[in-house]
Amino acid sequence: MNEPLRLDRLRGFVIELAALLERQPEESAILEQGEELLRRLVEHDDWLPGEFAVPHPEHYLQYLLHADSLQRFSVVSFVWGPGQRTPVHDHRVWGMIGMLRGAELGQRFERQPDGTLRPAGEPLRLERGEVECVSPAIGDIHQVSNAFEDRVSISIHVYGGNIGAVKRAVYQADGSEKLFISGYSNNLLPNSWS
């Protein structure tokens with residue numbers, strides 16, 4: 001017999017993050033304290049409903065799990081099919097990425113004096129239960145991919161806004177950007193990366 005899903009874990013995370021944001025702390029405190037909240041959520045893999053874990057054969061999917069009614073944050077499951085990756089992109093708000101299943105590779109980019117983008121260091125491998133943060137203040141341009149060529153990986157992303165409605169950018173190596181609004185895979189808004 002299957003164990004029931006522990007939806008209280010996601011509910012508790014949302015309540016605790018909303019309480020943290022209610023105190024209006026500095027971004028550094030949001031990321032530090034939020035990282036611990038997200039780590040506690042992704043250390044368990046017994047709460048994500050199956051319909052938010054279904055991969056697509058050609059591109060990753062981003063399923064909205066929660067959008068704060070005050071637009072302060074959103075929680076999204078990213079489902080990565082084997083070998084799938086994003087373009088180089090930004091977020092323009094703070095964000096936290098927690099690995100629930102599998103692993104991800106994240107390559108940060110830095111803008112050079114001539115405006116081009118270059119990789120900043122080696123790719124970071126995010127394993128199950130680990131959390132990484134992004135923001136315009138600490139580094140916001142990156143490319144993410146499934147670390148595996150033969151299986152699905154799932155990460156939980158938390159952003160400082162309704163990320164499916166935030167105008168952001170994808171980047172070419174020369175630093176030029178194309179604006180987009182991602183939407184979500186489980187609503188009627190198009191995902192303009194797909």
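Residues passing the side chain to side chain donor-acceptor pair (under 3.5 Å) test with E127, sequence neighbours excluded: R125. Legend: residues meeting salt bridge (Lys or Arg N to Asp or Glu O under 4.0 Å) with R101, ordered by chain and number and at least two apart, are D45. Under the rule for a ring pair (Phe, Tyr, Trp, His ring centres under 6.0 Å), F13 has no partner lying at least two apart in sequence or in another chain. With sequence neighbours left out, the side chain to side chain donor-acceptor pair (under 3.5 Å) criterion links E110 to no other residue. Taking the salt bridge (Lys or Arg N to Asp or Glu O under 4.0 Å) definition, one finds that E36 meets it with R39, sequence neighbours left out. Taking H56 as the reference, H59 meet the ring pair (Phe, Tyr, Trp, His ring centres under 6.0 Å) condition, with sequence neighbours excluded. E132 is linked by a side chain to side chain donor-acceptor pair (under 3.5 Å) to R108, counting only residues two or more places apart in sequence or in another chain. In this view, E22 and R72 satisfy the side chain to side chain donor-acceptor pair (under 3.5 Å) rule, not counting sequence neighbours.
Counting heavy atoms from C-beta outward, F109 and P119 have side chains that approach closer than 4.5 Å.
I97 belongs to a hydrophobic cluster whose other members, connected by ILVMFWY side-chain contacts under 4.5 Å either directly or through intermediates, are M99, L126, V134. Hydrophobic clustering, defined by side-chain heavy atoms of Ile, Leu, Val, Met, Phe, Trp and Tyr closer than 4.5 Å, groups L7 together with L5.
Under a hydrophobic-cluster definition in which Ile, Leu, Val, Met, Phe, Trp and Tyr are linked whenever side-chain heavy atoms come within less than 4.5 Å, directly or via other members, V144 and V88 are assigned to different clusters. In the hydrophobic clustering of this structure, L10 groups with V54; members are Ile, Leu, Val, Met, Phe, Trp, Tyr whose side-chain heavy atoms approach within less than 4.5 Å, directly or through other members. Under a hydrophobic clustering in which Ile, Leu, Val, Met, Phe, Trp and Tyr are joined whenever their side-chain heavy atoms come within less than 4.5 Å, directly or via other members, F148 and Y60 fall into different clusters.
Using a 30° and 60° split on the angle between ring planes, W80 and H157 fall in the tilted class, from 30° to 60°.
Here salt bridge (Lys or Arg N to Asp or Glu O under 4.0 Å) pairs that include residues 5-18, with residues two or more places apart or in two chains, are R6-D8, R9-D46, E16-R40. Every pair tested for salt bridge (Lys or Arg N to Asp or Glu O under 4.0 Å) that includes a residue from residues 77-89 fails, sequence neighbours excluded, so the list is empty.
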